[in-house]
J.: 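Below is the structure I would like to discuss, written out as structure tokens.
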Amino acid sequence: MKKVALLVFVIMMVMTVTACGRKEDETTTDSNEVTTTAEITPTADSKEVSPTAVTTPTEVIVNEPGNNVDDSEQKLEERYLQAFNMLAAGNEENCMPGDEMLAELENAITQFEQLAELDYKDSAEQVKEAKYLYAKAFPNTDEDDLEKNIELFSELKGYKDSDVICDNLKFEKAILQDKVNEYINDLNSRPEEERYQIAINMITLGHNYCDPRVKAFEEVFVGLGDYKEAPTYAKYTEALYLYESTLSEQINIPIVSVEIQDVEDGIKIFESLGSFLDSANKAYELSYIRAEYYRFYGSELNSYDKAISLYTDLLKDATKEELEVDLYKPYSFIEEKINETKYEKAMYFVDKGLYDDALVILNEIKDYSNMEEHIAQIQFIKAQTFAAEGQYAEAVKCLETIGQISDMRDVSELIAFYSKLRDGISVKDEENPYKKAYQDEIVAIATAKPGDFVSYGNYFGETEWVLLEKQNGKALLIMKFCLYDRTANDLWYSYVWNNSLAREYLNRTFLYAAFTNEERKGVLTTKLKNSDKYVETMLEDTTDRVFILTSEDVNKYQEEGVRFGYDEEENYHVGYWMLRDGEIALSDFVANTLNGDGAWIRPAIWVTISE
């Protein structure tokens, strides 16, 4: 028994030692990171074992079909994230240059295609997204590019809006090849539902202003007769074409070339469609353009009141539930437009010498912008008009009003002077404070040199002019500051100098508002030769006291070293101003003495500098 027990004990020890040796070998293998692999031949009853390859943790594996590489979960995830980053980098929202964007997307496509073959996550879907973004980023610079892009979106059939974009590109190609009729004829040969859906997609996809597809697909809807909502879409596309045509004119030549009948017809159709698509919004937008039209032509059509009424209706309609465009919320700009129109109506009255009518309007909107300054200017014009006619009592009343509402001018000395004349007190001419100021101005101009700043008059507190030239006892001045109001836009967009509101405004309102009676007498009448590069017919010469320069004038004085802007040390922006021959001048200044910004005009005058 003892021998048997001893034998059992020995066997158990051997088994223990063997087991410990195997465990130690396994531990040693893990700690030494063995970098070789044993070839494993699967037996008939064993499970399939994937081959392995060892690499450094930072190495990125690019797998290709048939390669014997590591497809472990970690490596696949690294490659997936790398491809996803490429996809994100190639997104058009990142504003990456076109070639770089396409390169990133191409790499993303390759990576996701490889991962899709391994059925990793949603790589197959990401392939489509990468191809979709690639197609959207692909340039359409010529017909060949357009054809390639059509192929790209055709391959994505059914993915997102690829079918719609593809149809859009095909129509673009038809436009480019002047084959719109062929395209429409082909479309009309297709089943009704297909025609219907393509036509809807094409007018709702988004397009350029006055796009020919709008008119073309109106015919498609008409051809569909009573099929589904085709009659409603036909009316919508008819109005949409009028809308697009109007906005096209707005982009190129604002308001002045708008066909008002098209606007009226568009509003009527959109309003009849109620809440169909964005009809309510488009009716509102056209209504706004209609109001702008009658405001712009207010002086010519006597339509300021009509414009004010239309703006008021817009303000009421802005609360309609159908309107969803944030552009028209909170609608405060409509109230501003009403005030602007009233102001322009008042200035129209001033241009016609109807000062009291203008003052009634301006007092209604005296809290708007700097209306009190405008009221003061008109009172000053009235005072000088009365004084010139010997009505000194009325002149004093106007000047006393100015002292109560504005410190733009110090009129106290002039009030005292006119009061003496009103009361029949004999006064000497030199007691007139403005007479003395005028004499000081012309002495300073006479001793200045071209390019110097000189003072003459006072327009809303601005008194400085640039001296351009002196000859034969007279001097040519251009205002250091620009003026902005409706007259500048009128001159730029609508009329030549001869019949522009700018000319009328400068030679009446500005002439009387900027200068005293003494200064105005010193402003000489000038015969102007007029031309405009954008007008084919010969323009008549005009005789004006206040005018604007031509490009020939500007070039001449610049060549002589005259700077039209501020001194270099003054920190102002570069601006532009209108010229009489249709050109625009640039110089290193910005000046704005009236409310608003945009097209500017710089008055010029010849003044006498010898008494």
J.: Measuring only between side-chain heavy atoms, which start at C-beta, is W606 closer than 4.5 Å to F547?
T.: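 Of all side-chain heavy-atom pairs linking F547 with W606, at least one is under 4.5 Å.
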J.: Which pairs count as salt bridge (Lys or Arg N to Asp or Glu O under 4.0 Å) when at least one residue sits in residues 414-428, sequence neighbours excluded?
T.: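 Passing the test, one end in residues 414-428: K420-E431.
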J.: I'd like to check the side chain to side chain donor-acceptor pair (under 3.5 Å) partners of E271; sequence neighbours left out, ordered by chain and number.
T.: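 By the side chain to side chain donor-acceptor pair (under 3.5 Å) rule, E271 matches no residue at all.
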J.: Is it the case that the side chains of E285 and Y243 hold a donor-acceptor pair, with the cut-off being a distance below 3.5 Å and no angle test?
T.: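 Checked: Y243/E285 side chains pair up, N/O donor to acceptor below 3.5 Å.
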J.: Can you tell me if N432 and E518 form a side-chain donor-acceptor pair at under 3.5 Å?
T.: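 Yes.
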J.: Checking side chain to side chain donor-acceptor pair (under 3.5 Å) between K345 and each of N302, D305, D357, which is the one that passes?
T.: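 The passing option is D305.
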J.: Determine whether a donor-acceptor pair (N or O, by modelled atom type, separation under 3.5 Å) exists between the side chain of N458 and the backbone of T463.
T.: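 Side chain of N458 to backbone of T463: no pair is present.
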J.: State the CG-CZ distance between L579 and R602, to the nearest 0.5 angstrom.
T.: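 These two atoms lie 10.0 Å from each other.
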J.: Give a yes or no on whether E264 atom CD has more than 12 heavy-atom contacts from other residues, nucleotides or ligands under 6.0 Å away.
T.: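 Enclosed.
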J.: Is the closest basic N to carboxylate O distance between E244 and K282 below 4.0 Å?
T.: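 Result for this pair is no, no salt bridge flagged.
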J.: Can a side-chain donor-acceptor contact be found between D262 and T246 if the only test is distance below 3.5 angstrom?
T.: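 No donor-acceptor contact under 3.5 Å links the two side chains.
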J.: Is any side-chain heavy atom of M479 less than 4.5 Å from a side-chain heavy atom of F510?
T.: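 Contact flag for M479/F510 side chains = yes.
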J.: Side chain to side chain contact (heavy atoms under 4.5 Å, CB included) between R503 and D544: does it pass, once the steps are laid out?
T.: CA-CA 8 Å; R503 180 183 174 215; D544 299 299; 2.6 Å; yes
J.: Can you give me the closest heavy-atom contact between K342 and I308, atom names plus distance?
T.: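 Answer, listing the atom of K342 first, then I308: CG-CD1, 3.6 Å.
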J.: Can a side-chain donor-acceptor contact be found between N339 and Y311 if the only test is distance below 3.5 angstrom?
T.: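 Short answer, no.
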J.: Could you tell me whether the side chain of R290 reaches within less than 4.5 Å of the side chain of I260, counting heavy atoms only?
T.: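 Counting from C-beta outward, I260 and R290 do come under 4.5 Å.
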J.: In Å, rounded to the nearest 0.5 Å, how long is the span from CD of E504 to CE of M347?
T.: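 These two atoms lie 12.5 Å from each other.
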J.: Quick check: does any side chain N or O of Y284 sit under 3.5 Å from a backbone N or O of L314, one acting as donor and the other as acceptor?
T.: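 Here the side-chain-to-backbone pair exists.
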J.: Measure across I269 and K235 and return the closest heavy-atom pair with its distance rounded to 0.1 Å.
T.: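 Shortest heavy-atom contact: CG2-O, 3.4 Å.
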J.: Just grab all the salt bridge (Lys or Arg N to Asp or Glu O under 4.0 Å) pairs involving residues 548-559, residues at least two apart or on different chains.
T.: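 Qualifying pairs: E469-K556.
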J.: The test is side chain to side chain contact (heavy atoms under 4.5 Å, CB included); show your working for K397 and F386 and say whether it passes.
T.: CA-CA 10 Å; K397 289 180 183 178; F386 283 132; over 6 Å; no
J.: Side chains of T526 and T543: closer than 4.5 Å at any heavy-atom pair?
T.: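 No; the side chains remain at least 4.5 Å from each other.
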J.: Just to verify, what does D265 make a side chain to side chain donor-acceptor pair (under 3.5 Å) with, not counting sequence neighbours?
T.: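 If we apply the side chain to side chain donor-acceptor pair (under 3.5 Å) test to D265, skipping adjacent residues, the hits are Q261.
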J.: Run the side chain to side chain contact (heavy atoms under 4.5 Å, CB included) test on F270 and N281 for me, step by step, so that the C-alpha distance in whole Å, both residues' side-chain angles and the decisive distance to 0.1 Å come before the verdict.
T.: CA-CA 9 Å; F270 279 129; N281 287 335; over 6 Å; no
J.: Nearest 0.5 Å please: distance from the NZ atom of K521 over to the OG1 atom of T608.
T.: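 These two atoms lie 13.5 Å from each other.
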J.: The criterion is side chain to side chain donor-acceptor pair (under 3.5 Å); which residues satisfy it with K529, sequence neighbours excluded?
T.: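 By the side chain to side chain donor-acceptor pair (under 3.5 Å) rule, K529 matches no residue at all.
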J.: Spell out, as yes or no, whether a donor-acceptor pair under 3.5 Å connects the side chain of R295 to the backbone of A307.
T.: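 Such a contact is absent between R295 side chain and A307 backbone.
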J.: Partners of E238 by salt bridge (charged side-chain N to carboxylate O under 4.0 Å, His left out), sequence neighbours excluded?
T.: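 E238 satisfies salt bridge (charged side-chain N to carboxylate O under 4.0 Å, His left out) with no residue once adjacent residues are dropped.
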J.: Between F217 and F171, does the ring pair (Phe, Tyr, Trp, His ring centres under 6.0 Å) criterion hold? Intermediate values first, please.
T.: CA-CA 11 Å; F217 286 96; F171 190 76; 5.2 Å; yes
J.: How far apart are the closest heavy atoms of G266 and L242, and which atoms are they?
T.: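 Reported closest heavy-atom pair: N-CD1, 3.6 Å.
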J.: Between D313 and S309, does a side chain to side chain contact (heavy atoms under 4.5 Å, CB included) hold up when you go through it step by step?
T.: CA-CA 6 Å; D313 290 341; S309 175; 4.3 Å; yes
J.: Which residues pass the side chain to side chain contact (heavy atoms under 4.5 Å, CB included) test with A358, sequence neighbours left out?
T.: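 With neighbours one apart ignored, the set is A346, F349, V350, I378.
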J.: Would you say the side chain of T516 lies within less than 4.5 Å of the side chain of L414, judging by non-hydrogen atoms?
T.: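 They are not in contact (no side-chain heavy atoms under 4.5 Å apart), so the answer is no.
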J.: Hey, is E218 close enough to K215 for a salt bridge, meaning N to O under 4.0 Å?
T.: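 Counted as a salt bridge, because a side-chain N and a carboxylate O are separated by less than 4.0 Å.
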J.: With no hydrogens and no angle check, just 3.5 Å: does a side-chain donor-acceptor pair link Y293 and E259?
T.: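 Distance-only check fails for Y293 and E259.
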J.: Heavy atoms, side chains only, cut-off 4.5 Å: are V607 and W465 in contact?
T.: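 A side-chain contact under 4.5 Å is absent here.
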J.: For D367, give me all partners under side chain to side chain contact (heavy atoms under 4.5 Å, CB included), at least two apart in sequence or on another chain.
T.: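 None.
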J.: On a heavy-atom basis, which atom in A514 and which in Y459 lie closest, and how many Å separate them?
T.: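 Nearest pair, atom of A514 first, then Y459: CB-CD1, 3.8 Å.
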J.: Applying side chain to side chain contact (heavy atoms under 4.5 Å, CB included), name anything that partners A387, two or more places apart in sequence or on another chain.
T.: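 Checked A387 against side chain to side chain contact (heavy atoms under 4.5 Å, CB included); matches are Y392, A395, Y418, N517.
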J.: Calculate, to the nearest 0.5 Å, the distance between atoms OG1 and CD1 belonging to T401 and I375 respectively.
T.: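 Rounded to the nearest 0.5 Å, the OG1-CD1 separation comes to 10.0 Å.
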J.: Would you mind writing out the side-chain donor-acceptor pairs for residues 441-456 within the sub-3.5 Å range, not counting sequence neighbours?
T.:
from, atom 1, to, atom 2, distance (Å)
E441, OE2, G457, N, 3.3
T447, OG1, V443, O, 3.3
T447, OG1, A444, O, 3.1
K449, NZ, D452, OD1, 3.4
D452, OD2, K449, N, 2.9
Y456, OH, E519, O, 2.7

J.: Measure the OH-OG1 distance between Y505 and T509 for me, rounded to the nearest 0.5 Å.
T.: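 Between atom OH of Y505 and atom OG1 of T509 there are 6.5 Å.
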J.: Just jot down the side chain to side chain contact (heavy atoms under 4.5 Å, CB included) partners of K268, sequence neighbours excluded, or say none.
T.: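 For K268, no residue satisfies side chain to side chain contact (heavy atoms under 4.5 Å, CB included) once neighbours in sequence are set aside.
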J.: Can you name the closest pair of heavy atoms from E540 and N530 and give their distance?
T.: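 In terms of heavy atoms, the two residues are closest at O-ND2, 3.1 Å.
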J.: So do Y355 and T385 actually touch side chain to side chain, heavy atoms under 4.5 Å?
T.: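 Touching, per the 4.5 Å side-chain cut-off.
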J.: Looking at residues at least two apart in the chain, or sitting in another chain, which of them share a side chain to side chain donor-acceptor pair (under 3.5 Å) with D440?
T.: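 D440 satisfies side chain to side chain donor-acceptor pair (under 3.5 Å) with K436 only.
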J.: Nearest 0.5 Å please: distance from the CG atom of N507 over to the CZ atom of R545.
T.: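 N507 atom CG to R545 atom CZ measures 8.0 Å (nearest 0.5 Å).
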